[in-house]
Amino acid sequence: MAEKEKSLNFIEHIVEEDLVAGFSKKQLRFRFPPEPNGYLHIGHASSICLNFGLGLRYDAPVNLRFDDTNPAKEEQEFVDAIKEDVEWLGFHWDKECYASDYFQQLYDWAIELIKAGKAYVESQPSEKIAAQKGTPTEAGTNSPFRDRPIAENLELFQKMKEGAFPEGSHVLRAKIDMASPNMLMRDPVMYRILHRAHHRTNTDWCIYPLYDWTHGESDYIEQVSHSLCTLEFAPHRELYDWFLDQVVSPEDVRPKQREFARRNLSHTVVSKRKLLELVQQGVVEGWDDPRMPTISGLRRKGCTPEALRNFADTIGIAKRENVVDVAVLDFHMREDLNKIAPRVMAVLDPVKVIISNYDTDKEEWLEAENNPENPEAGFRKIPFSKELYIERDDFRESANRKFFRLKLGGEVRLKNAYIIRAEEVRKDSEGNILEIICTYDPLSKSGSGSPESLRKVKGTLHWVSCKHAVDAEVRLYDRLFTDPTPDQHTGRDFIEFINPDSLKIVEGKLEPGLKTAAPGARYQFQRLGYFCVDKSSGPEQLVFNRTVTLRDTWAKIEEKA
RNA sequence: UGGCCCAUGGUGUAAUUGGCAACACUACUGAUUUUGGUUCAGUCAUUCCAGGUUCGAGUCCUGGUGGGCCAACCA
């Protein structure tokens with residue numbers, strides 16, 4: 001109830017119009033149709049959220065269909081990865097389908113087309129076919145095989161299927177219109193010969209249907225009502241409809257193709273080719289490198305499915321060119337993580353603080369709140385002692401009043417602990433700060449309720465007790481490219497815009513409770529950002545990935561100065 | 001013989017289908033805060049241009065301008 005009346009996107013308007021025009025809501029069905037030739041990226045996430053979102057909105061089934069018509073590129077590994085990603089996003093498909101399940105049906109229909117004089121076997125090489133296709137402004141010319149007798153077409157096609165011919169020797173073409181202003185209608189190829197094993201049909205077939213002949217018919221077989229794809233397929237719609245015309249029965253649902261603009265994310269690239277290049281050149285460590293815009297990369301970085309879904313929902317869907325600022329994704333990750341991530345303390349660039357008036361052997365276990373946004377998250381104990389680490393950035397020998405942190409003679413609150421004052425600084429011969437000597441106010445203990453504890457001091461710092469700290473490798477990820485649109489500069493390669501500082505690895509000091517943090521667990525390192533335990537992490541070597549920093553208004557003030 | 005698609009703040013989407021241009025992000029102010037986080041309050045547009053229809057146009061019409069897609073036996 002009380003759910004906000006959300007405005008509809010143009011696809012939802014189309015569905016609503018169909019419903020008003022009498023299309024039965026029960027017959028609505030959608031599909032997400034990836035080719036299993038690579039990993040899913042954030043662009044696919046939008047499409048997944050669109051299709052499965054429609055399914056949820058209309059209580060309609062959504063199929064997961066693998067468009068596996070090209071055995072040269074497809075592998076079972078990708079099928080598995082895609083299923084994992086869709087599930088991780090939190091969606092449930094109705095049927096798990098494969099275009100390869102329809103090879104026989106497609107073949108039977110193709111024979112009908114041949115018999116109807118609407119398809120023929122072409123026996124020229126591909127270069128010849130391309131040359132005869134014409135150009136967008138010039139009509140093509142008919143193939144010399146275009147009027148081959150039906151019986152001969154049937155016989156040749158049969159032999160193609162039986163493996164009698166080498167690759168490239170023949171194809172099956174639809175006989176449409178070599179003068180069509182739409183290049184795709186100029187007798188498109190329906191089948192090619194490929195003597196390759198398919199990851200599902202193995203060597204059952206050596207002729208494989210092409211996209212156009214497969215996609216619409218697969219939608220029809222599955223009785224998909226609305227077949228949504230990206231804008232570059234818009235010219236395919238005419239062909240999609242032509243192929244459908246050849247097979248549909250009036251009593252069945254006739255699928256409808258509609259196109260939307262793919263989402264582009266700033267400071268990254270999303271084409272499979274370019275992502276592959278990043279992997280192959282070793283710019284990143286793999287498809288699930290946390291800097292990759294792949295779903296697996298985002299997952300490994302610590303992004304939540306909730307954040308990704310909210311991101312997809314707020315950027316919406318439309319038909320115009322777009323570049324979504326990656327800041328929107330960051331916002332949604334912070335928004336979700338702020339609610340669910342337990343707070344902990346970690347020092348990533350440590351400098352030692354020595355509390356001169358604290359007993360050398362003393363240690364106290366102080367109470368710390370796990371998440372101020374969620375009281376039910378409770379409290380934990382953290383150790384305090386004479387020697388602590390704080391962030392090197394959090395101390396200056398002198399600074400103006402805008403600097404809320406520790407400076408000589410100044411006071412600061414140690415989060416969940418005491419108020420301290422910096423008295424003295426010890427340096428090495430080169431002037432590097434080795435340790436900061438402080439005194440603490442024993443009455444100022446957090447939560448004690450004493451007047452001293454209630455004193456307002458401007459800054460609060462995070463810290464970790466030296467002797468209790470656990471070490472961890474912390475990987476600080478930043479955007480992969482320095483330019484918002486690395487692949488949109490004519491004459492310049494996107495690789496030129498790689499951010500040389502996209503990964504910085506540091507040794508951090510963490511509060512001891514993190515010793516047993518399990519891979520995948522997410523935390524907020526207070527005042528720093530959100531971090532996720534990497535899959536490679538273990539008790540002997542902890543590894544954390546930075547998901548996203550906290551908003552940092554201090555950094556902006558500094559930048560301006 | 002070219003065809004098709006698109007144009008609304010810095011960014012991404014809305015606009016009851018012809019009726020006060022709204023939401024989110026970013027940026028900037030300020031308040032609160034034992035995270036310079038969170039939260040709260042506020043600021044930032046004459047809808048690509050020119051005509052037309054209309055009491056009334058972001059929306060409809062005409063003509064421009066600018067951008068995108070299409071000539072794999074890829075999807």
Side-chain angles (χ1 to χ4, degrees), chain A residues 4-9 13 33-35 37 67-70 72-74 122 125-126 129-131 133-140 167-168 170-173 179-186 189-194 207-208 210-212 214-215 229-238 259 261 263 266 272 313-325 327-332 334-335 338-339 343 345 369 372-373 402-405 413-417 419 446-447 453-462 484 524-529 549-557:
Chain A
K4 249 189 311 188
E5 199 49 52
K6 245 193 76 191
S7 55
L8 307 181
N9 63 43
H13 278 295
E35 182 189 12
N37 70 341
D67 230 333
D68 55 350
T69 57
N70 187 359
K73 292 187 175 177
E74 297 149 5
E122 164 71 81
S126 62
I129 296 172
K133 212 148 204 174
T135 70
T137 54
E138 290 167 291
E167 290 184 11
H170 306 275
V171 292
L172 184 73
R173 287 230 258 174
S180 170
N182 183 349
M183 298 290 290
L184 287 157
M185 299 299 278
R186 324 246 259 223
V189 174
M190 296 170 66
Y191 277 93
R192 80 287 219 185
I193 297 168
L194 242 34
I207 56 171
Y208 291 92
L210 277 94
Y211 169 82
D212 289 295
T214 309
H215 204 92
C229 60
T230 48
L231 236 34
E232 65 268 27
F233 289 95
H236 292 250
R237 188 147 118 196
E238 191 180 359
E259 311 84 15
R263 261 68 266 285
S266 77
K272 266 181 200 168
D313 284 350
T314 61
I315 64 176
I317 213 77
K319 295 185 79 165
R320 54 172 149 159
E321 289 295 305
N322 60 83
V323 181
V324 180
D325 196 327
V328 181
L329 214 210
D330 289 344
F331 166 80
H332 286 285
R334 291 188 186 112
E335 184 193 40
N338 178 50
K339 287 185 288 193
R343 272 57 170 172
M345 293 205 278
E369 189 176 24
E373 302 298 314
K402 277 200 165 176
F403 185 78
F404 302 163
R405 309 176 179 189
R413 156 76 64 187
L414 291 181
K415 179 88 180 164
N416 301 124
I419 293 172
S446 289
S453 76
L454 269 14
R455 275 173 56 210
K456 298 284 174 199
V457 281
K458 192 56 191 173
T460 301
L461 305 185
H462 61 278
Q524 184 196 89
F525 288 2
Q526 282 180 117
R527 303 211 303 135
L528 296 175
T549 61
L550 255 27
R551 283 185 68 222
D552 190 351
T553 52
W554 170 241
K556 285 173 196 157
I557 294 168

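Residue numbering restarts at 1 for every chain, and letters A, B, ... go by the order of the sequence lines. Keep in mind it's a predicted model, so treat the numbers as computed, not measured.
With sequence neighbours excluded, the residues that form a side-chain contact (heavy atoms from CB on, under 4.5 Å) with A/I419 are A/E411, A/R413, A/S444, A/R455, A/V457. Residues forming a side-chain hydrogen bond (donor to acceptor under 3.5 Å, both in side chains) with A/S126 (at least two apart in sequence, or on another chain): none. Under the rule for a side-chain hydrogen bond (donor to acceptor under 3.5 Å, both in side chains), the partners of A/D67 that lie at least two apart in sequence or sit in another chain are A/H215. Every side-chain contact (heavy atoms from CB on, under 4.5 Å) that A/K73 has, sequence neighbours left out, goes to A/E35, A/N37, A/N70. Not counting sequence neighbours, the partners of A/N338 by the side-chain contact (heavy atoms from CB on, under 4.5 Å) test are A/R343, A/E373, A/Y530. A search for side-chain contact (heavy atoms from CB on, under 4.5 Å) contacts involving A/M185 returns A/I176, A/S180, A/N182, A/E238, A/L239, A/W242, not counting sequence neighbours. Scanning for ring pair (Phe, Tyr, Trp, His ring centres under 6.0 Å) contacts around A/F331 gives an empty result, with sequence neighbours left out. Shown here are the salt bridge (Lys or Arg N to Asp or Glu O under 4.0 Å) partners of A/R527, two or more places apart in sequence or in another chain: A/D394.
Using cut-offs of 30° and 60° for the angle between ring planes, the A/H236 and A/Y211 rings count as perpendicular.
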Assign a letter to each nucleotide of nucleotides 70-75 of chain B from its 5' end: B, base within under 4.0 Å of a protein heavy atom; S, sugar-phosphate only; -, no contact.
SB-BBB
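Rounding to the nearest 0.5 angstrom, the gap separating the OG1 atom in A/T549 from the CZ atom in A/R334 is 4.5 Å.
Residue A/K272 is classed as having no contact, given no heavy-atom separation below 4.0 Å to the nucleic acid. At a threshold of 4.0 angstrom between heavy atoms, the contacts of A/F525 with the nucleic acid are absent. Within the nucleic acid shown, A/I317 comes within 4.0 Å of sugar-phosphate atoms alone, with no base atom in reach, counting heavy atoms only.
When each of A/A417 and A/E238 is assigned the nucleotide of RNA chain B with its nearest heavy atom, A/E238 is the one assigned upstream, toward the 5' end.
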Chi angles and distances behind the side-chain contact (heavy atoms from CB on, under 4.5 Å) call for A/V171, A/I129
CA-CA 10 Å; A/V171 292; A/I129 296 172; 4.1 Å; yes
Check the interface with nucleotides 24-28 of chain B: list each N/O to N/O pair with the protein under 3.5 Å, or write none.
unit_1 : atom_1 : unit_2 : atom_2 : d
B/rA27 : OP1    : A/K556 : NZ     : 2.7

Dump the pairs, protein N or O against N or O of nucleotides 64-68 of chain B, anything under 3.5 Å, distances to one decimal.
unit_1 : atom_1 : unit_2 : atom_2 : d
B/rG68 : O2'    : A/E321 : OE2    : 3.3

Let's test your reading of the pairing rules: Watson-Crick or G-U wobble, both distances under 3.5 Å, then write RNA chain B as a dot-bracket string with ( ), [ ], | and dots.
.((((((..((((.....[..)))).(((((.......)))))....(((((..]....))))))))))).....
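Closest contact between the side chain of A/L231 and the listed nucleotides B/rC5, B/rU35, B/rG36 involves B/rC5.
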